[in-house]
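The basis for the numbers below is simple: all heavy atoms, side chains too, and nothing from hydrogens, waters or symmetry mates.
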Amino acid sequence: MALSPNVQGALWMSASMAGFGINDALMKSVSGQVPLFQAIMLRGLVASAVILVICWRAGVLRYRPEGRDRRWIALRVAGEMGATCLFLTALFNMPLANATAIIGVTSLAVTLAAAVLLKEPVGWRRYSAIALGFFGVLLIVKPGTEGFNLYSLAAMGAVCFVVLRDLGTRQFSAAVPGVFVTAITAMMITAMGAAVTLSSDWQSVHPGPLGRMIASAGFLLVGYYAGLQAMRVGEVGFVSPFRYLNLLWALVLGYLMFAELPDRIAFFGAGLIVATGLYTLHRERLRARS
């Protein structure tokens with residue numbers, strides 16, 4: 001029996017979150033063995049090469065964005081570069097599940113930013129959910145305690161850059177090929193890693209960490225491709241909640257690979273982020289129907 005588009009979308013989104021979760025864990029596993037920007041460059045070289053081949057096969061290498069699309073693509077790329085740098089900085093220095101949970105507040109932050117900057121209507125229920133979600137972040141980072149540090153701020157800064165990325169993406173015209181934007185983004189992030197790496201001492205990379213970075217590039221591409229497919233075949237309101245499977249992957253992989261387990265307060269904060277995010281998606285779905 002053929003699967004419905006929503007079920008297909010849910011399966012694609014589940015695969016996407018698995019790809020991103022395993023990518024994050026593999027990148028974290030090389031921290032202390034490979035400098036951050038060198039890891040970004042090496043992973044990016046592999047990812048960029050594969051994406052360029054996909055672009056060539058799709059016939060979009062000659063595509064040139066016009067007018068306002070150029071500005072929005074530039075904004076999206078800048079957001080992705082900042083988010084990558086800050087999130088991996090946090091990921092290399094704090095528990096996997098904690099960093100992933102903080103990034104999980106992105107959907108709430110995008111809703112807030114769209115209301116403030118794009119004047120999209122947001123009611124008191126969603127504002128309340130946003131406030132509770134950010135309170136969940138505070139429970140994870142614990143400001144004023146010993147566990148609060150610059151790496152917690154880096155994860156929160158990554159959320160701001162993801163919001164910038166997503167707001168830019170919302171403004172694309174329908175003519176912009178998604179794979180083209182992915183290729184430009186991957187190449188610019190790789191160039192950023194190369195620029196920092198080449199201005200410092202090169203550190204030799206052993207086969208084990210190199211293999212994990214190559215594998216992480218593959219899982220990163222799985223995450224991007226499956227996420228794109230999910231949003232194409234399923235309803236946004238049905239598919240989007242499956243994004244929170246990324247936190248489940250982070251909890252499992254963080255425990256198995258790094259013996260990390262968040263404390264009860266951080267667990268509660270993560271649960272609050274997931275619950276308020278799901279509620280916000282539910283309210284947006286109702287608003288779209290009406």
Side-chain angles (χ1 to χ4, degrees), residues 11 13-47 50 83-106 136-137 139-142 146-156 158-159 162 189 193 203-227 242-271 273-274:
L11 291 174
M13 185 58 76
S14 300
S16 174
M17 294 303 100
F20 284 131
I22 297 172
N23 159 70
D24 290 342
L26 289 172
M27 286 296 285
K28 182 175 175 62
S29 73
V30 304
S31 62
Q33 300 173 299
V34 183
L36 171 63
F37 285 96
Q38 190 172 327
I40 290 175
M41 184 193 75
L42 292 172
R43 182 186 70 170
L45 286 172
V46 177
V50 174
T84 297
C85 179
L86 290 176
F87 178 68
L88 288 180
T89 298
L91 190 65
F92 274 35
N93 296 280
M94 66 187 297
L96 176 61
N98 289 26
T100 303
I102 294 171
I103 284 292
V105 82
T106 296
V137 171
L139 293 178
I140 295 170
V141 301
K142 302 178 180 67
E146 221 174 274
F148 183 73
N149 51 40
L150 287 175
Y151 303 120
S152 302
L153 292 177
M156 295 171 70
V159 172
V162 173
I189 291 174
Q203 183 171 313
S204 60
V205 182
H206 296 293
L210 180 61
R212 291 198 295 276
M213 284 185 288
I214 292 173
S216 75
F219 282 107
L220 181 65
L221 292 175
V222 168
Y224 277 130
Y225 178 77
F242 288 87
R243 292 182 185 275
Y244 289 104
L245 287 174
N246 194 21
L247 181 56
L248 178 60
W249 279 99
L251 286 167
V252 172
L253 293 174
Y255 179 73
L256 293 178
M257 295 178 65
F258 312 109
E260 297 172 349
L261 199 61
D263 59 30
R264 284 180 293 180
I265 294 177
F267 258 121
F268 181 73
I273 291 171
V274 172

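Considering only heavy atoms from C-beta on, Leu220 stays 4.5 Å or farther from Met27 through its side chain. Residues Trp249 and Val252 have side chains not in contact (no heavy-atom distance under 4.5 Å, counting atoms from C-beta outward). Under the 4.5 Å side-chain criterion, counting only non-hydrogen atoms from C-beta, Phe267 is in contact with Leu261. Side-chain contact between Gln203 and Val34 is absent, with no heavy atoms from C-beta onward closer than 4.5 Å.
Nearest heavy atom pair, residue Leu245 against residue Ser14, reads CD1-OG, 3.4 Å. Heavy-atom minimum distance, Met41 versus Gly193: CB-C, 3.9 Å. Across all non-hydrogen atoms, the minimal contact from Ala97 to Ala250 is CA-CB, 3.8 Å. For Ala217 against Ala47, the heavy-atom pair with the smallest separation is CB-N, 4.0 Å. Summarising the geometry of Val30 relative to Ala39, their closest heavy-atom pair is CG2-CB, 4.4 Å, with the distance given to 0.1 Å. Of all heavy-atom pairs between Gly223 and Ser16, the closest is O-OG, 2.7 Å.
With a 6.0 Å radius and a threshold of 12 heavy atoms from other residues, nucleotides or ligands, Tyr151 has its OH atom at or below the threshold. By the neighbour-count criterion of 12 heavy atoms within 6.0 Å, atom OH of Tyr255 is sparsely surrounded, having that number or fewer from other residues, nucleotides or ligands. Remark: Phe92 CZ is packed, more than 12 non-hydrogen atoms of other residues, nucleotides or ligands lying under 6.0 Å away. Counting non-hydrogen atoms of neighbouring residues, nucleotides and ligands closer than 6.0 angstrom, the CG atom of Leu150 reaches no more than 12 such neighbours.
Remark: Ile273 engages Val105, Val137, Ile140 in a side chain to side chain contact (heavy atoms under 4.5 Å, CB included) (not counting sequence neighbours).
Taking CG from Leu253 and NZ from Lys28, the interatomic distance works out to 12.0 Å, rounded to the nearest 0.5 Å. Once rounded to the nearest 0.5 Å, the distance linking OG of Ser152 with CG of Asn98 reads 8.0 Å. Separating the CG atom in Asn246 from the CD1 atom in Ile22 is a distance of 10.5 Å, to the nearest 0.5 Å. Separation of atoms CE (Met213) and CD (Gln38) is listed at 7.0 Å; rounding is to 0.5 Å. Note that the CZ atom of Arg243 and the CD1 atom of Ile103 stand 12.5 Å from one another [nearest 0.5 Å].
When each of Tyr244, Tyr225, Tyr224, Phe242 is paired with Phe20, the ring pair (Phe, Tyr, Trp, His ring centres under 6.0 Å) condition holds for Tyr224 and for no other. Applying the side chain to side chain contact (heavy atoms under 4.5 Å, CB included) test between Phe87 and each of Leu91, Thr89, Thr84 identifies Leu91 as the sole match.
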Notebook entry, point to check: Under the side-chain contact (heavy atoms from CB on, under 4.5 Å) criterion, do Ile102 and Met94 qualify, and how do the steps go?
Noted result: CA-CA 11 Å; Ile102 294 171; Met94 66 187 297; 4.0 Å; yes

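Checking Ser216 against Arg43 by side-chain atom types alone, no donor-acceptor pair falls below 3.5 Å.
With hydrogens and angles ignored, the 3.5 Å screen pairs a side-chain donor or acceptor of Glu260 with a backbone N or O of Leu96.
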